[in-house]
Amino acid sequence: MIKNGKLIIVSGFAGSGKGTVLKELFNMAEYKYSVSATTREPRVGETDGVDYYFMTREDFLVKTESGDMLEYVEYSGNFYGTPREPVEKMLSDGYSVILEIEVEGALNIKANFPEAVLIFISPPTYAELERRLRERASESEEMIKERLEISKRESASIGEYGYLVVNETSEQKKTAFAVHCIAESEKYKNISGKDLPREQALIIKTAGENKIDAKKAEKFLKNYYK
Ligand code: 5GP
């Protein structure tokens, strides 16, 4: 196995649908997810250790002081952070690791790990964003307004991202596939073709022609090597 896992940062406004997109992505290929720590209350249906590590402010601050967080921010009145050790381990095992984090944390990661791939997922319009937030109905009106304000501020940083992917309504699978193609092409672009087994070499070729279709390439190879 080639050890060239990528650190992939996915951000998007609250209500962008990035959660569903990531679920589709995990069905599509082998990615590892970095479970964040947070001091916010769990929402209905969220599980400790799966969606987040839910912790008190005191415990969170102990972790930041001991350097156990790769990055952290205070967002909407709560702390959110990426535990360092699991991410470093998954990367050194050769996996691509997905961090689903907000803009400030993403830019901190970019400053420390310039090779990280930053992908921003956006709904097609602001009106659609507002509609999705209200539909979710897991937050108060005040919280929804705050999240919309934050999204306006965050949109100023989209230019810092490597990729912007529009998540059209009801097209989460397509969006996930776009993210997968970006991750695949980034994974192989710094490796010379001759170092690769033929499976990967084919993917490089399709990416080089600007027709990234990793899934088709994988399907082709499955038949080819039968
Ligand atoms: P939510 O409360 O809706 O789950 O998350 C609020 C925001 O925090 C989202 O934009 C999410 O991407 C971001 N977030 C979640 N975990 C982390 C983290 O570990 N670090 C940073 N910087 N942001 C995070």
Side-chain angles (χ1 to χ4, degrees), residues 7-23 25-26 31-57 59-64 66-88 90-91 97-113 116-123 126 129-130 132-158 160-161 163-165 167 175 179:
L7 186 55
I8 301 182
I9 315 298
V10 176
S11 303
F13 308 130
S16 61
K18 61 186 184 298
T20 321
V21 169
L22 290 182
K23 280 200 186 104
L25 181 70
F26 292 123
Y31 290 95
K32 295 284 176 189
Y33 181 70
S34 157
V35 179
S36 293
T38 184
T39 61
R40 85 148 158 73
E41 291 295 316
R43 293 195 189 113
V44 177
E46 285 183 331
T47 309
D48 186 40
V50 176
D51 299 287
Y52 281 105
Y53 295 107
F54 295 100
M55 51 177 76
T56 62
R57 288 179 82 87
D59 288 346
F60 191 98
L61 291 172
V62 168
K63 296 254 179 237
T64 60
S66 55
D68 288 350
M69 295 291 178
L70 205 55
E71 61 76 39
Y72 72 97
V73 292
E74 192 165 9
Y75 175 96
S76 214
N78 288 300
F79 285 115
Y80 293 82
T82 305
R84 177 188 299 278
E85 203 265 342
V87 172
E88 289 180 346
M90 292 184 285
L91 284 173
V97 181
I98 306 278
L99 262 58
E100 194 253 277
I101 64 178
E102 53 65 67
V103 171
E104 189 186 336
L107 299 187
N108 286 339
I109 294 272
K110 186 182 167 186
N112 293 322
F113 303 88
V117 181
L118 272 67
I119 302 174
F120 197 92
I121 296 183
S122 173
Y126 183 77
L129 172 67
E130 195 166 355
R132 288 185 199 174
L133 272 179
R134 288 187 200 286
E135 194 183 76
R136 188 157 86 176
S138 60
E139 280 139 26
S140 63
E141 182 59 30
E142 196 190 341
M143 193 73 126
I144 291 173
K145 289 223 168 84
E146 191 187 340
R147 297 225 159 183
L148 285 168
E149 275 311 305
I150 293 175
S151 80
K152 276 188 190 154
R153 250 182 287 141
E154 286 183 338
S155 61
S157 300
I158 289 179
E160 300 290 324
Y161 280 68
Y163 299 88
L164 170 66
V165 178
N167 184 26
T175 312
V179 172

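Whatever order the structure lists them in is the order used to number ligands and atoms, beginning at 1.
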ask   = CG/Asn167 to CG/Leu129 distance, rounded to the nearest 0.5 angstrom?
value = 11.0 Å

key: Residue selection (non-hydrogen contact nearest atom 2 (O) of ligand 1) among Tyr52, Tyr53, Tyr80   = Tyr80

key: Arg57 and Glu74 ion-paired at < 4.0 Å   = yes

ask   = Which atoms of ligand 1 sit under 4.0 Å from any heavy atom of Arg40?
value = 1 (P), 2 (O), 4 (O)

query = Which heavy atom of the protein is the closest neighbour of atom 16 (N) of ligand 1, given with residue, atom name and distance?
reply = Ser36 OG, 3.0 Å

ask   = Does the distance from a Lys or Arg side-chain N to an Asp or Glu carboxylate O, for Glu141 and Lys145, drop under 4.0 Å?
value = yes

message = For atom 10 (O) of ligand 1, what is the closest protein heavy atom, and at what distance to 0.1 Å?
response = Glu102 CB, 3.5 Å

query = Which atoms of ligand 1 are found less than 4.0 Å from any heavy atom of Thr82?
reply = 19 (O)

ask   = Is a donor on one side and an acceptor on the other found under 3.5 Å between the side chain of Glu160 and the backbone of Ser157?
value = no

query = Is the closest side-chain heavy-atom distance between Tyr31 and Leu22 below 4.5 Å?
reply = no

ask   = Looking at atom 20 (N) of ligand 1, what's its closest protein heavy atom, distance included?
value = Glu71 OE2, 2.7 Å

query = Does ligand 1 have an atom under 4.0 Å from some heavy atom of Phe13?
reply = no

key: Presence of salt bridge, Arg134 and Glu130, under 4.0 angstrom   = yes

query = Which of the numbered atoms in ligand 1 are below 4.0 angstrom from a heavy atom of Tyr75?
reply = 6 (C), 7 (C)

ask   = Nearest to atom 11 (C) of ligand 1, what protein heavy atom do you find, and at what distance?
value = Glu100 OE2, 3.4 Å

query = Has Arg43 got any heavy atom lying under 4.0 angstrom from an atom of ligand 1?
reply = yes

inquiry  = Rounded to the nearest 0.5 Å, what separates atom CG in Asn112 from atom NZ in Lys110?
reply    = 12.5 Å

task = Run the numbers on Phe54 and Phe60 for ring pair (Phe, Tyr, Trp, His ring centres under 6.0 Å), then give the verdict.
result = CA-CA 9 Å; Phe54 295 100; Phe60 191 98; over 10 Å; no

ask   = Applying a 4.0 Å heavy-atom criterion (strictly less than), which segment of Glu46 is in contact with ligand 1: side chain, backbone, both, or neither?
value = neither

query = In terms of the angle between their ring planes, are Tyr80 and Tyr75 parallel, tilted or perpendicular, with boundaries placed at 30° and 60°?
reply = perpendicular

ask   = Mind checking whether Val73 has an N or O less than 3.5 Å away from an N or O of ligand 1?
value = no

request  = For Lys18 and ligand 1, answer yes if some heavy atom of the residue is under 4.0 Å from a ligand atom, otherwise no.
outcome  = yes

